[in-house]
Participant: 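Encoded as structure tokens, here's the structure I'll be asking about.
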Amino acid sequence: PADPRSPQEHGLDFERLLDASAYKERFRQDMIRWGEEKRRADPGFFCRAALEGAWQPVWVVSDTRRLSDVEWFRAAFGDVVQTVRVVATEETRKRRNWVFVTGVDDAESECGLDQGVAFDWVITNDGDEVALGEQLEMLVQSLHRSL
């Protein structure tokens with residue numbers, strides 16, 4: 001099985017997979033399918049991979065996509081886990097060139113956390129830099145107080 005950090009094993013350009021390009025979209029469903037196979041075999045596979053080599057007192061694990069990910073982190077680290085959801089309106093997302101794709105954007109990989117999680121923080125990112133900054137500052141202050 002290929003390592004999720006080694007798309008080269010599949011002949012893919014890692015840097016191009018990080019953006020919102022058509023290149024990424026061509027492989028998106030295959031990446032989702034591969035990820036689902038890995039999760040079925042081992043639900044903590046990607047969570048452990050995200051922590052590999054981490055030693056800092058605070059970790060930001062971005063882009064968790066499934067309830068099983070959140071449950072894994074909570075089971076492993078308990079009450080110190082803080083969940084943050086970043087939201088934007090559909091109008092804002094479309095302005096940012098997002099286009100809904102059936103079979104992709106309605107899959108668990110994209111909406112698996114839309115229900116079933118009581119997030120500790122919900123950050124709104126609709127383009128108001130001042131409002132975004134204020135929300136992030138409150139989050140950072142809270143994290144500093146908990147250290």
Side-chain angles (χ1 to χ4, degrees), residues 3-8 12-36 38-40 42-147:
D3 185 311
R5 294 155 296 170
S6 301
Q8 302 89 337
L12 303 177
D13 182 331
F14 179 72
E15 293 301 318
R16 292 183 70 193
L17 292 173
L18 295 176
D19 62 28
S21 67
Y23 179 85
K24 176 183 175 181
E25 291 305 312
R26 275 201 324 261
F27 299 105
R28 193 170 177 197
Q29 287 185 313
D30 289 336
M31 291 187 304
I32 291 168
R33 193 171 17 263
W34 177 82
E36 295 302 330
K38 293 303 259 184
R39 277 182 191 80
R40 274 192 293 279
D42 176 5
F45 177 81
F46 291 104
C47 298
R48 284 190 307 281
L51 300 181
E52 191 174 294
W55 56 268
Q56 297 81 358
V58 174
W59 307 331
V60 175
V61 181
S62 64
D63 210 19
T64 56
R65 294 173 175 252
R66 289 163 181 79
L67 183 57
S68 62
D69 294 339
V70 174
E71 290 170 341
W72 187 91
F73 279 102
R74 285 183 173 156
F77 299 104
D79 292 340
V80 299
V81 172
Q82 293 284 298
T83 55
V84 180
R85 178 156 182 126
V86 179
V87 298
T89 65
E90 191 168 323
E91 177 182 304
T92 297
R93 296 170 73 198
K94 286 179 180 178
R95 249 191 344 262
R96 294 174 178 158
N97 297 321
W98 173 76
V99 176
F100 182 87
V101 176
T102 301
V104 174
D105 291 307
D106 53 359
E108 183 183 12
S109 65
E110 301 303 313
C111 55
L113 296 176
D114 287 354
Q115 298 173 2
V117 178
F119 288 93
D120 299 300
W121 298 87
V122 178
I123 306 292
T124 301
N125 182 13
D126 275 325
D128 182 336
E129 291 181 31
V130 173
L132 178 60
E134 290 170 353
Q135 295 170 85
L136 293 174
E137 183 59 32
M138 287 178 19
L139 172 59
V140 168
Q141 286 178 13
S142 175
L143 293 174
H144 277 283
R145 285 191 299 271
S146 66
L147 290 177

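Quantities reported herein were computed from a predicted structural model and do not represent experimental measurements. Hydrogens, waters and symmetry mates are skipped; everything else that's a heavy atom, side chains included, is used.
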Participant: At what distance, to the nearest 0.5 angstrom, does CG of L113 lie from CG of L67?
Facilitator: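 Spacing of CG (L113) from CG (L67) equals 7.0 Å.
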Participant: Please name all residues satisfying ring pair (Phe, Tyr, Trp, His ring centres under 6.0 Å) with F77, sequence neighbours left out, ordered by chain then number.
Facilitator: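 Checked F77 against ring pair (Phe, Tyr, Trp, His ring centres under 6.0 Å); matches are W59.
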Participant: Could you list the residues that satisfy salt bridge (Lys or Arg N to Asp or Glu O under 4.0 Å) with D128, not counting sequence neighbours?
Facilitator: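 D128: no salt bridge (Lys or Arg N to Asp or Glu O under 4.0 Å) contacts found.
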Participant: Using side-chain heavy atoms (C-beta onward) and a distance below 4.5 Å, is T83 in contact with V70?
Facilitator: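 With C-beta onward as the side chain, the pair touches.
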Participant: Could you walk me through whether V122 and V87 pass the side chain to side chain contact (heavy atoms under 4.5 Å, CB included) test, one step at a time?
Facilitator: CA-CA 7 Å; V122 178; V87 298; 4.0 Å; yes
Participant: Not counting sequence neighbours, which residues clear side chain to side chain contact (heavy atoms under 4.5 Å, CB included) with V140? List them please.
Facilitator: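 Partners of V140 under the side chain to side chain contact (heavy atoms under 4.5 Å, CB included) test: H144.
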Participant: According to side chain to side chain donor-acceptor pair (under 3.5 Å), who are the partners of D79, at least two apart in sequence or on a separate chain?
Facilitator: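 Partners of D79 by the side chain to side chain donor-acceptor pair (under 3.5 Å) criterion come out as none, since no residue qualifies.
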Participant: Sequence neighbours excluded, which residues qualify as side chain to side chain contact (heavy atoms under 4.5 Å, CB included) partners of D69?
Facilitator: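 Partners of D69 under the side chain to side chain contact (heavy atoms under 4.5 Å, CB included) test: R39, C47, T64, R66.
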Participant: Nearest 0.5 Å please: distance from the CG atom of D105 over to the CD atom of E110.
Facilitator: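 So the gap between those two atoms works out to 5.5 Å.
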Participant: With sequence neighbours left out, which residue pairs that include part of residues 85-96 fulfil the salt bridge (charged side-chain N to carboxylate O under 4.0 Å, His left out) condition?
Facilitator: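 Of all non-adjacent pairs touching residues 85-96, those that pass salt bridge (charged side-chain N to carboxylate O under 4.0 Å, His left out) are R85-D114, E90-K94, E91-R95.
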Participant: Checking the side chain of D106 only, and the main-chain atoms of T102 only, is there a donor and an acceptor separated by less than 3.5 Å?
Facilitator: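 Flag not set: sc D106 to bb T102 has no pair under 3.5 Å.
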Participant: Are V61 and F73 close enough that some pair of their side-chain heavy atoms sits under 4.5 Å apart?
Facilitator: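 Touching, per the 4.5 Å side-chain cut-off.
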Participant: Is it true that a side-chain atom of D126 and a backbone atom of T89 form a donor plus acceptor pair closer than 3.5 Å?
Facilitator: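 The answer is yes, because a donor-acceptor pair under 3.5 Å joins these two groups.
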Participant: With side chain to side chain contact (heavy atoms under 4.5 Å, CB included) as the test, would you mind laying out the steps for V84 and I123 before giving the verdict?
Facilitator: CA-CA 7 Å; V84 180; I123 306 292; 3.7 Å; yes
Participant: Measure the spacing between CZ of F45 and OG of S68 and express it to the nearest 0.5 Å.
Facilitator: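 It is 13.5 Å, given to the nearest 0.5 Å.
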Participant: Name all residues meeting the side chain to side chain donor-acceptor pair (under 3.5 Å) criterion together with Q141; count only those two or more places apart in sequence or in a different chain, and write none if there are none.
Facilitator: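 Scan of Q141 (side chain to side chain donor-acceptor pair (under 3.5 Å), adjacent residues dropped) gives E137.
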Participant: Using the ring pair (Phe, Tyr, Trp, His ring centres under 6.0 Å) rule, collect all pairs that involve residues 123-143, keeping only residues at least two apart or in two chains.
Facilitator: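 For residues 123-143, and leaving out neighbouring residues, there are no ring pair (Phe, Tyr, Trp, His ring centres under 6.0 Å) pairs at all.
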Participant: Could you list the residues that satisfy side chain to side chain contact (heavy atoms under 4.5 Å, CB included) with Q82, not counting sequence neighbours?
Facilitator: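 Checked Q82 against side chain to side chain contact (heavy atoms under 4.5 Å, CB included); matches are D120, W121, L143.
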Participant: Does any part of the side chain of V58, heavy atoms only, come nearer than 4.5 Å to the side chain of L147, both counted from C-beta?
Facilitator: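 Answer yes - side chains close enough.
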Participant: Checking N97 now: which residues fulfil side chain to side chain contact (heavy atoms under 4.5 Å, CB included) with it, not counting sequence neighbours?
Facilitator: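 Per chain and number, N97 pairs via side chain to side chain contact (heavy atoms under 4.5 Å, CB included) with no residue.
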